[in-house]
Amino acid sequence: MTAGSLVVAVDCSTTAAKAVVTDAAGAVLASGASRLTTSTPRAGFHEQDAETWFTATVAAVRDAVGALAREDRDRVAAMAVTHQRESFVLLDDDGAPLRPAILWVDSRASEQIARVGSRPLPDGRSVQATSGKPPDTTPAIYKLAWLADHEPDVVARSAHVADVQAYLALRLTGRLATSTASADTLGLLDLSRLEWSEALVEVAGLSERRDRSRSGPDSVTDPYGRLPQLVPGGGLIGELLPDVASLLALPRAIPLVAGIGDGQSAGLALGVEEPGVAYLNLGTSMVCGVETTSYQVSPAFRTLAGTRPGTYVLETVLNAAAYVADWAARFAGSDVGAMEAAAATVPPGAEGLLVLPYWNAAQTPHWDPLARGAVVGWHGRHTPAHLYRAVLEGVAFELRLQLEALEDATGTAVRQLRAVGGGARSVLWAQVVADVTGRTVRVCSDGEVSAAGAAVQAHAFLGQKTGTSRFVTEGHDVPPAAAGMAAYDRLYPAYRTLYPALRNTFALLATPPQPAPPQPAPPVVGP
């Protein structure tokens, strides 16, 4: 391929499929997007029609490629996909979805987490030691176990389990395959070996054998024939089918390069391989990650396959960050912009109001699916602006707690947070995060950072070296301010007491009320 080759990078996220066409310098020549819809049939259930992953991807890519000049379309030489992690779909023998896909944010499987999450496997290792994932609502393994309990007929009819990339690869190339750094968040991979684990597949309730041919380059078969072939991140999945290439407005079929999960992909674009650097995605949820060359597990993080061969990513997670800020604005009958302006007038510490931001359970380091949000310290001076600021501070306090646990577990200090996401665009929130954590926040340039990581992999496949990401070079630093640090240092010990004090309360709130025992009939009184 020539140095002037272009690539298409797709991020099939929770809310939309987004496509960009980039050159090797990282410049975006064209883009497209198509929204995705999530259904919530019951409390805690979050599902999507997997077919829309494909149709939205096609629409986004077609718009992006269609915006190119004809001569530039001829330069497009590869495509790569990154995607929402942990989400999965069950497919029949023809590759058609048997039921709606279950998403990463779905929290239906608390009973399965409690039942099998800490149970030793036959080899004596735990689920976490094998998969790298603490028992939590996000990995697919527990939701697969829920399906085995509640929809066994669907599981019995299923021929394949596919993460988002595997499903798209099947539709785009005809091959059911995904990268190890995409598959691992299903929770079914022996992460230290980068192989499907027979023991974890059995925990998920997928132990009925489905024998079928599984040939292909770089493939690793699973023990029961249901799971995608595994390809190293940046490796070749296959050529686009000719009719699919035409559907995407491409002049010819091109290689589909194996991307990685959206969190790791963002880390790749943000240079997470640099020592002392962590990526921070401050969006609907909050994800913070660092790279390491050794496999290790701890409640302080979840372990993922890394951005490069031989590496791992250690991530901390909070499944409700900007989600809680949006909630607080709606709760006040306002919008985020107005609430941020009002909250900026409130002093650091919100005059003693503290928020525990567990609106969608607790992840790192507590991993408690029963945890709930809490607001502590109300008094008569507090206004909606105080609540909003306390929400921003609560998320930042939780990040500080996570970073301290991460550093204690790994012995490696984090000196800089490279931040992206809607929350990072907030001047107030970026400063709060810097002041609470005592670390410089590098607010990176806006744009599709996960897709940029996929583009890096596609260019590397073509032999094109990419330089330092524009997301980093065009960003700006937010250093911690001494006055803010002092205020938050005084409050942080109080924040640390909240979860331990409320843990049993959360469990009681999650326990269904028991019916009152029957009362004896009153005695019959005669005339």
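A donor atom on one side chain and an acceptor atom on the other are found under 3.5 Å apart for Q165 and S182. Checked by atom type, the side-chain pair T52/T55 shows no donor-acceptor distance below 3.5 Å. For the residue pair E291 and T307, a side-chain donor N or O sits within less than 3.5 Å of a side-chain acceptor on the partner. Between E351 and H386, the side chains place a donor N or O and an acceptor N or O closer than 3.5 Å (distance only, hydrogens not considered). Between D149 and Q112, the side chains place a donor N or O and an acceptor N or O closer than 3.5 Å (distance only, hydrogens not considered).
In this pair, Y495 and F397 present their aromatic rings parallel. The plane angle is below 30°, not in the 30 to 60° band.
Nearest heavy atoms, E340 versus S426: OE2-OG, 2.8 Å. The nearest pair of heavy atoms linking T82 to I260 is OG1-O, 2.7 Å. Shown here for A451 and A9, the closest heavy-atom pair between the two residues is O-CB, 3.2 Å.
Between the side chain of R99 and the backbone N or O of V154, no donor-acceptor pair lies under 3.5 Å. Side-chain atoms of T364 come within 3.5 Å of backbone N or O of V317 as a donor-acceptor pair. Remark: the backbone N or O of D368 is not paired with any side-chain donor or acceptor of H366 at under 3.5 angstrom. No donor-acceptor distance shorter than 3.5 angstrom exists from the side chain of R425 to the backbone of G423, with no hydrogens or angles considered. D477 places no side-chain N or O within donor-acceptor distance of the main-chain N or O of P479, the cut-off being under 3.5 Å. Between the side chain of S469 and the main chain of A269, a donor-acceptor pair closer than 3.5 Å is present. Listed for the R418 side chain is no donor-acceptor partner under 3.5 Å among the backbone atoms of R442. Of the possible donor and acceptor atoms, none in the side chain of H83 sits under 3.5 Å from a partner among the backbone N and O of V10. Of the possible polar contacts, none joining the K18 side chain to the S34 backbone as a donor-acceptor pair under 3.5 Å is found. Counting only distance, with no hydrogens or angles, the side chain of Q128 and the backbone of R125 share no donor-acceptor pair below 3.5 Å.
With values rounded to the nearest 0.5 angstrom, L36 atom CG is found 6.5 Å from S13 atom OG. Separation of atoms CD (Q48) and CD (E51) is listed at 13.0 Å; rounding is to 0.5 Å. Atom OG in S87 sits 9.5 Å away from atom CD1 in I102 (nearest 0.5 Å). If you take SG on C444 and CG on L270, they are separated by 5.0 Å, rounding to the nearest 0.5 Å. Rounding to the nearest 0.5 angstrom, the gap separating the OG1 atom in T293 from the CD atom in E273 is 13.0 Å. Atom CH2 of residue W104 and atom OG1 of residue T185 lie 12.0 Å apart, to the nearest 0.5 angstrom.
Remark: aromatic rings of W429 and Y388 are distant, center separation not under 6.0 Å.
With sequence neighbours excluded, the residues that form a side chain to side chain contact (heavy atoms under 4.5 Å, CB included) with A481 are Q431, D435.
Using a 4.5 Å heavy-atom cutoff, the side chains of Y358 and E398 are in contact. Side-chain contact between T311 and T292 is absent, with no heavy-atom pair separated by less than 4.5 Å.
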Name each donor-acceptor pair under 3.5 Å that joins a side chain in residues 281-290 to protein atoms two or more places apart or in another chain, with its distance.
none

Check: residues 319-335 side-chain donor-acceptor pairs under 3.5 Å, at least two apart:
{"from": "D335", "atom 1": "OD1", "to": "G337", "atom 2": "N", "distance (Å)": "3.0"}
{"from": "D335", "atom 1": "OD1", "to": "A338", "atom 2": "N", "distance (Å)": "2.9"}

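Of the charged side-chain nitrogens involved, at least one lies within less than 4.0 Å of a carboxylate oxygen, so that R496 and E404 count as a salt-bridged pair. Using a 4.0 Å cut-off between charged nitrogen and carboxylate oxygen, K143 and E86 do not count as a salt-bridge pair. The residues K133 and E315 are annotated as not salt-bridged, no charged nitrogen and carboxylate oxygen being separated by less than 4.0 angstrom.
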*Checking side chain to side chain contact (heavy atoms under 4.5 Å, CB included) for the pair V375/L354: CA distance, chi angles, key distance, verdict?*
CA-CA 6 Å; V375 185; L354 287 174; over 6 Å; no

_I'd like to know whether F88 forms a side chain to side chain contact (heavy atoms under 4.5 Å, CB included) with L144, so could you lay out the CA-CA distance, the side-chain angles of the two residues, the decisive distance to 0.1 Å, and finally the verdict._
CA-CA 9 Å; F88 70 95; L144 285 163; 3.4 Å; yes

*side chain to side chain contact (heavy atoms under 4.5 Å, CB included) assessment of L356 paired with V376*: CA-CA 8 Å; L356 191 65; V376 178; over 6 Å; no

*Would you please test D184 and R302 for salt bridge (Lys or Arg N to Asp or Glu O under 4.0 Å) and show each step?*
CA-CA 11 Å; D184 73 317; R302 65 182 184 185; over 6 Å; no

*With salt bridge (Lys or Arg N to Asp or Glu O under 4.0 Å) as the test, would you mind laying out the steps for R400 and D489 before giving the verdict?*
CA-CA 11 Å; R400 175 171 173 174; D489 283 346; 2.9 Å; yes

*asked:* Go through it in stages, so that I can follow the logic: the residues are V164 and L168, the test is side chain to side chain contact (heavy atoms under 4.5 Å, CB included), and I'd like the CA-CA distance, side-chain angles, deciding distance and then a yes or no.
replied: CA-CA 6 Å; V164 178; L168 290 176; 4.1 Å; yes

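Annotation: cation-pi pair R108/W146 present, NZ/CZ under 6.0 Å from the ring centroid and within 45° of its normal.
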